Each structure stands twice: as C-alpha cells, then as structure tokens.
Amino acid sequence: MLQIQAVLRTEKEMEWWLSMPKVELHAHLNGSIRDSTLLEVARTLGEKGIIDFSDVEHVIMKNDRSLREVFKLFDLIHILTTDHATVTRIAKEVIEDFAAENVVYLELRTTPKRNDSIGMSKRSYMEAVLKGLKAVSSVDIAFIPYNEDATSLIRSLPTNVECNGATRKKIYVRLLLSIDRRETTTAAMETVMLALEMRHLGVVGIDLSGNPVVGEWITYLPALKFAKEQGLCVTLHCGEVPNPKEIQEMLDFLPQRIGHACYFQKEDWEKLKSSNIPVEICLTSNIRTASIQSIEVHHFVDLYKEKHPLVLCTDDSGVFSTSLSKEYKYAASSFGLGKMEMFELAKNAIEYIFADGSVKNDLRAIFASETKKLNL
Ligand SMILES: CNc1ncnc2c1ncn2[C@@H]1O[C@H](COP(=O)(O)O)[C@@H](O)[C@H]1O
Ligand SMILES: [Zn+2]
C-alpha cells in the first residue's frame, strides 16, 4: 500500500515537470531516438541479414556507457539510421517527443552526412530532416522563420491554440548543423555553406561536436570563423575532456554558447565568466559518461549561484534514457531548488536561443501565461 502511494506521488511529481514549459537548446538528432524505433530498425536490418540483431540489441539496451563507448554506439546508430526514410522518421518522432513534454522551443542539431553508395549528400540528408519536420501532425510546429507562404502563416501562430475544445501543443523548431570533429576543413566548410543556403528553412547556427579526443581546433576554425562572419550563431562542445589549450582557444573565439564545460580550470572559468558565454548544461550526460565524478560537484552549482547564463539540456535523450523534464527534476532534487526557481531557469533560456526577437517575444508570452496555469 505504502509502495503504491509512493509510486503515485512520484508520478504526480513528474507530471508537474512534464507540464512546465521548457526550452531545449542542446539535443543531437541521432542521440534522441526512441529505443523502440532503434530496435525496430535494427530488427528489420537483422531480418535482411545486414546486421546481427542479437549483438546490436545488447549494445542498444546497455545503460552505463563510458564516453568512448558512447561514440562507438553513435557509429552503430549511424549505420542503422542513415538512409533518407529513417532520417525523416526519426526527425518527426524526436520533435513529437519533445513537444509531448511541453518543450515550446527546440534547437535540434544534427551532422549532415554524405553517403555516395545510397545517393546521400549533406543536402539530401538535411532535406530528409526537413521532410520529418513537415510530417509532424500531432502538434503545431513553427520552423520557417519568415512567413513566406500561407502554410507558414498558419504554422507561426504565437501560442498554443484551442482546437475542438482541446489545446493543441505548439513547438518552435530551429536547426543547427553540426561539424563532426572527424571532418576536414573542406567538409566543415561545406556544412557551413549548406547552413547558409538553408537559413530560410530554419537553420540558425553551427555546432562543433563529435568525439572530443579526435581532431584539432585549427581544422574547424576557418569554417567556424566564416560562419560567424556570415551571421550564423555558433555553439561548441567545449571541455568535455581535459584539453587546456583548446578550451582557451575556443573561449577566445567567443562562440554564442558552449556545451558542457566539464574540464575547466581556474583561468577558463575566469574567461568564461568575463565573456558571459551561456553554457548548455547536460547533467545526466556528464554523469553517465563520467565527465563529472558526481552530481554534488557539478559546476551547475557555482554557475547558478553566480547567475552565469546557463540552460539545462538533454544532449542525447535516447542514448542516456532521459528527457528534459527529468533533467529539470534531477537538478531541482540534486541542488535543492524549488519549482519557481526551476521555472525561472527555463524561462531565462529564452534569452540564449539563436532564433530572432519575434520568437523570443512569443516565448516570453507563453511563459507568462503558463505562470498563471501552474499556480506559481
Ligand atoms: C555525449 N557527448 C557528446 N559529445 C560530443 N558529440 C556528441 C555527444 N553526443 C552526441 N554527439 C554528436 O552527435 C552525433 C549524433 O547525432 P547526429 O548524427 O549529429 O544527429 C554523434 O555522432 C556526435 O558527433
Ligand atoms: Zn552534445
């Protein structure tokens, strides 16, 4: 009986975190796939004899992975998902999943991939992602920044709308194109050129990600500089492993945001704080990959106390079996923060999004109306 009551209490508690409006700024498409979809795709490839399903199932369901193992898993995920139809499917599902937990603004990042053997170019990969966005039907989605046609007019309704008595959820989506650290300067530049060509379709920036022990900062710098000059926003995975020289160079570049900041030393914190660069904090990801030894010593605490710009994010909700609601609940319970404080934290993230001022205004209005509903 007591056990049932505890379960009910936990469920009720989770409901609140689910219903709170949230802003997600650090989510990798291929890291955010539902386990069920990944298993289904793997099973189909197993039946066709392309992979050995039993081996793959074991890898997908494993939960405690080191950072090295995470990147091995990504190589496997990419084998499973990198065809146009699957990319479209996962893009649609990932957006639906974020919208279902009341993420009202999502910046989804993905690495455009080229695979000549199946006729995939970086552009056709991105077109498949966009097809997924257009296929979303369970929620209203606004992803085209300019009201160029009638459809996008409908799609840019500012708040959740009433439909047959029920409120339909509404999510803004913007895209970031990732440069993988394995890529060459030329390949990185191709990604930036593609981002520029796709700006009118909701691409707002560039991310640098991939295995942090691979590659050199100097390789990506020309493309990142060019992106910045052209007015694209840039976010960097920074300090996921100890690399003092690279961390300093990245901070000197003055990106619009950074992700992680785990292995920062005194001079890195000083530079970060004086330049006020917002930090995307991914708690579960940092703990699972052991980039941070335990939640009690996470740099969230210091940054939060100092009112440094920060935003809670999932990183890879599929790979780390998390969700943005869980990340908020985790932070609240780990750091002793109340619901009001967490709501404020979520609301402040609006200031660090890469979309334009009109989207920020709409989001501020959404948060203001939700304050009343949530009894805060
Ligand atoms: C755990 N911390 C992390 N650190 C660095 N890069 C990461 C990452 N998690 C994900 N990625 C990057 O995102 C890709 C998967 O999504 P997309 O194929 O782009 O959609 C990974 O291959 C890696 O390059
Ligand atoms: Zn990441």
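In listed order, ligands and their atoms are each counted from 1. Owing to the predicted nature of the structure, the values given are computational and were not obtained by experimental measurement.
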Next on the checklist: I need the protein N, O or S atoms closer than 2.8 Å to the Zn ion (ligand 2), given as residue plus atom name.
Outcome noted: His26 NE2, His28 NE2, His237 NE2, Asp315 OD1
Next on the checklist: Could you tell me, atom by atom, which parts of ligand 1 come under 4.0 Å of a heavy atom of Asn30?
Outcome noted: 15 (C), 16 (O), 17 (P), 18 (O), 20 (O)
Checklist entry - Ignoring hydrogens and geometry, is there a side-chain-to-backbone donor-acceptor pair from Thr86 to Thr82 under 3.5 Å? => result no
Checklist entry - Hey, is Lys225 close enough to Glu229 for a salt bridge, meaning N to O under 4.0 Å? => result no
Checklist entry - Can you check whether His78's main-chain N or O pairs, donor with acceptor, with Asp75's side chain at less than 3.5 Å? => result no
Checklist entry - Is there at least one pair of N or O atoms, one from Ser285 and one from ligand 1, spaced under 3.5 Å apart? => result no
Next on the checklist: ring pair (Phe, Tyr, Trp, His ring centres under 6.0 Å) for Phe335 and Tyr304? Distances and angles first, verdict last.
Outcome noted: CA-CA 10 Å; Phe335 310 126; Tyr304 183 82; 8.4 Å; no
Next on the checklist: For the 3.5 Å polar cut-off, considering only N or O atoms, please tell me whether Thr110 and ligand 1 meet it.
Outcome noted: yes
Next on the checklist: Once you restrict to heavy atoms under 4.0 Å, what part of Asn211 touches ligand 1? Side chain, backbone, both or neither.
Outcome noted: neither
Next on the checklist: To check your reading of the model: name the closest protein heavy atom to atom 13 (O) of ligand 1, its residue, and the distance in Å.
Outcome noted: His28 ND1, 3.0 Å
Next on the checklist: Out of Val94, Leu29, Val129, Asp315, who is nearest to atom 1 (C) of ligand 1 when you count heavy atoms only?
Outcome noted: Asp315
Item to check | Donor-acceptor pair, side chain of His299 and main chain of His260, under 3.5 angstrom | outcome: yes
Checklist entry - Hey, is Arg181 one of the residues with a heavy atom under 4.0 angstrom from ligand 1? => result no
Next on the checklist: Testing the 3.5 Å rule here: is there a donor-acceptor pair between the side chains of Asn30 and Thr81?
Outcome noted: yes
Next on the checklist: Please report whether ligand 1 has a polar contact with Thr289, defined as an N or O pair separated by less than 3.5 Å (distance criterion only).
Outcome noted: no
Checklist entry - What protein heavy atom is closest to atom 9 (N) of ligand 1, reported as residue, atom name and distance in Å? => result Asp316 OD2, 2.7 Å
Checklist entry - Relative to ligand 1, is Glu240 under 4.0 angstrom through side chain, backbone, both or neither, heavy atoms considered? => result side chain
Item to check | Salt bridge flag under 4.0 Å for residues Glu190 and Arg114 | outcome: no
Checklist entry - ligand 1 and Arg182, any nitrogen or oxygen pair closer than 3.5 angstrom? => result no
Item to check | Residue portion contacting ligand 1 (non-hydrogen atoms closer than 4.0 Å) for Asp180 | outcome: side chain
Checklist entry - Which residue owns the protein heavy atom closest to atom 19 (O) of ligand 1, what's the atom, and how far is it? => result Thr111 OG1, 2.5 Å
Checklist entry - Mind checking who shares a hydrophobic cluster with Leu176, ILVMFWY linked at side-chain heavy-atom distances under 4.5 Å? => result Val204, Phe354
Item to check | Short side-chain to backbone donor-acceptor contact, Lys329 and Met14, under 3.5 Å | outcome: no
Checklist entry - What protein heavy atom is closest to atom 22 (O) of ligand 1, reported as residue, atom name and distance in Å? => result His78 CE1, 3.0 Å
Checklist entry - How are the rings of His237 and His26 set relative to one another: parallel (under 30°), tilted (30 to 60°) or perpendicular (over 60°)? => result perpendicular
Item to check | Between Tyr330 and Thr322, a side-chain donor and acceptor under 3.5 Å | outcome: no
Next on the checklist: Can you tell me if Lys113 has over 12 outside heavy atoms packed within less than 6.0 Å of its NZ?
Outcome noted: yes
Next on the checklist: I want to know if ligand 1 touches Gly210 in the polar sense, i.e. an N/O pair below 3.5 angstrom.
Outcome noted: yes
Checklist entry - With under 30° as parallel and over 60° as perpendicular, where do the rings of Tyr328 and Trp17 fit, or are they tilted in between? => result parallel
